[in-house]
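The block underneath contains the structure these notes are about, expressed in structure tokens.
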There are 2 protein chains.
Amino acid sequence: MTPQRRLLVGIIQDSPRHLDAAGLLEVARKQDADIDRATVYRTIALLKGYGLIDELDLMHIEGEKHYYEAKTNREHCHMACFRCGAIMEYASSSFEKLKTEMAAQSGFQIRVVRLEVGGFCKQCRKAAH
Amino acid sequence: MTPQRRLLVGIIQDSPRHLDAAGLLEVARKQDADIDRATVYRTIALLKGYGLIDELDLMHIEGEKHYYEAKTNREHCHMACFRCGAIMEYASSSFEKLKTEMAAQSGFQIRVVRLEVGGFCKQCRKAAH
DNA sequence: ATAACTGCAAATCTTTTGCTTACAG
DNA sequence: CTGTAAGCAAAAGATTTGCAGTTAT
């Protein structure tokens, strides 16, 4: 593991918000001004391949970017508000159960699951006339 | 509704496989050789805005394209095999239930749901050493 | 008529690749 | 040493936009 990779992994793990490749590069450059875009993309591909990070679209609420987060033990999904852009996470045992059920019924060996929802959050729902 | 739009909508509804923008354009050109890429993208944006089609990534199994399908009454998700590229659909009442539960618990007004799974299908699971 | 839609070409944005040099094990 | 990773710059792929002409209502 090289210093750059360590840095990038650390940023993904610690970031309070979901970062896309450009955002990750921007944050990384505060520590290492010479780090290159290509290194960011190559590291993302590597981590994704190892199943260490998950890739999200967040319903493409702001463009066709991909966002990344460190894989956690707790399966969860993301809800994106079309009005205010807020991203909420949601976890429940029903989600885990569905996953198990899908695997059992289809014979599919599940490696990655991505559940994303778009709509209006509680506040925006009220605010929208 | 213009003729081009009618054509594009018809293709999305009838296509047995999921098409991306380029594939949709290709099929459309068999009927109307002059139809342009921009029209395809503009129509997709329109239909998506009206909630008439769903957008899929199919786990980016072949590049960063987006695929489209006409919205159906039956909620379902897609399972993509990393080995053979097969796409399977899966529908169950548990999925519907999860959706209802999410909305109830979070106060979120759900407009679009996207559940995608990546892994290995029954056959490839066996075939893999 | 008026507003919405089209094709065309160019621009934009994100991601990938070839190549040469530099670093890790 | 030997293979893997890095930076750089250029390419590729997907999607969007400005504009001038065309079509639908």
Side-chain angles (χ1 to χ4, degrees), chain A residues 1-12 15 17-50 52-69 80 85 114 116 118, chain B residues 1-12 17-50 52-69 80 82 85 114 116 118:
Chain A
M1 178 76 89
T2 64
Q4 275 109 334
R5 293 223 171 127
R6 246 188 299 275
L7 172 60
L8 291 170
V9 173
I11 292 170
I12 294 177
S15 175
R17 65 197 176 86
H18 299 109
L19 296 171
D20 69 328
L24 184 50
L25 176 63
E26 190 185 324
V27 175
R29 280 197 162 146
K30 289 178 186 161
Q31 309 284 322
D32 175 353
D34 292 329
I35 198 165
D36 191 77
R37 210 174 351 176
T39 299
V40 170
Y41 281 107
R42 289 194 267 238
T43 301
I44 286 171
L46 192 88
L47 297 174
K48 209 166 52 159
Y50 286 148
L52 298 173
I53 57 174
D54 278 324
E55 186 178 59
L56 317 167
D57 283 3
L58 302 180
M59 296 315 276
H60 297 128
I61 260 188
E62 38 178 323
E64 308 297 313
K65 318 167 184 182
H66 297 113
Y67 299 87
Y68 301 91
E69 67 179 13
R114 201 153 104 201
E116 299 193 344
Chain B
M1 178 77 87
T2 65
Q4 276 107 334
R5 293 225 170 124
R6 245 187 298 276
L7 173 60
L8 292 170
V9 172
I11 293 170
I12 294 177
R17 66 197 176 84
H18 300 108
L19 295 171
D20 69 328
L24 184 51
L25 176 62
E26 191 186 321
V27 175
R29 280 197 163 147
K30 288 176 188 163
Q31 309 285 320
D32 175 354
D34 292 330
I35 197 165
D36 191 78
R37 211 173 348 171
T39 301
V40 170
Y41 281 107
R42 290 193 267 237
T43 302
I44 286 172
L46 192 86
L47 297 174
K48 210 167 47 161
Y50 285 149
L52 297 174
I53 57 174
D54 277 325
E55 186 179 60
L56 317 168
D57 282 3
L58 302 180
M59 296 315 276
H60 298 127
I61 262 189
E62 38 178 324
E64 309 296 314
K65 318 167 183 180
H66 297 113
Y67 300 87
Y68 302 92
E69 66 179 14
F82 288 143
R114 202 153 103 199
E116 299 194 345

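Note on naming: letters A, B, ... go to the chains in the order of the sequence lines (proteins, then strands), and numbering restarts at 1 for each one. Not measured: the values here are computed from a predicted model.
- If A:Arg42 and B:Glu62 are placed on DNA chain D by their nearest nucleotide, the residue sitting closer to the 5' end is A:Arg42.
- Out of D:dT15, C:dC8, C:dA24, the shortest distance to the side chain of A:Thr2 is found at C:dA24.
- Atoms CZ (B:Arg37) and C1' (C:dA9) sit 9 Å apart, rounded to a whole Å.
- The 5' end of DNA chain C is approached more closely, in terms of each residue's nearest nucleotide, by B:Leu46 than by the other of A:Asp36 and B:Leu46.
- The phosphate of C:dG7 has OP1 or OP2 within less than 4.0 Å of a side-chain N or O from B:Gln4.
- Among the atoms of the strands shown, only primed sugar atoms or phosphate atoms (P, OP1, OP2) are found under 4.0 Å from some heavy atom of B:Arg5.
- Listed pair B:Tyr41 / D:dT15 meets the phosphate criterion, a side-chain N or O lying under 4.0 Å from OP1 or OP2.
- Taking each heavy atom of B:Leu25 and B:Asp36 in turn, the nearest pair found is CD1-C, 3.9 Å.
- Nearest heavy-atom pair, A:Ala28 versus A:Leu8, reported as atom, atom and distance to 0.1 Å: CB-CD2, 3.7 Å.
- Distances were taken from every side-chain heavy atom of B:His66 (C-beta onward) to each of D:dA24, D:dT15, C:dT15; the shortest belongs to D:dT15.
- Using a 4.0 Å heavy-atom distance criterion, B:Ala21 is classed as a sugar-phosphate-only contact.
- The side chain of A:Thr39 contributes an N or O atom lying less than 4.0 Å from OP1 or OP2 of D:dG7.
- Between the side chain of A:Glu55 and the main chain of A:Lys48, no donor-acceptor pair closer than 3.5 Å is present.
- Between B:Pro3 and A:Asp34, the residue whose closest nucleotide on DNA chain D is further toward the 5' end is A:Asp34.
- Look at CZ on A:Arg29: it is 14 Å from P on D:dA6, rounded to the nearest Å.
- At least one donor-acceptor pair under 3.5 Å links the side chain of B:Thr43 to the backbone N or O of B:Thr39.
- Counting to the nearest Å, the C1' atom of C:dT15 and the NZ atom of B:Lys65 are 14 Å from each other.
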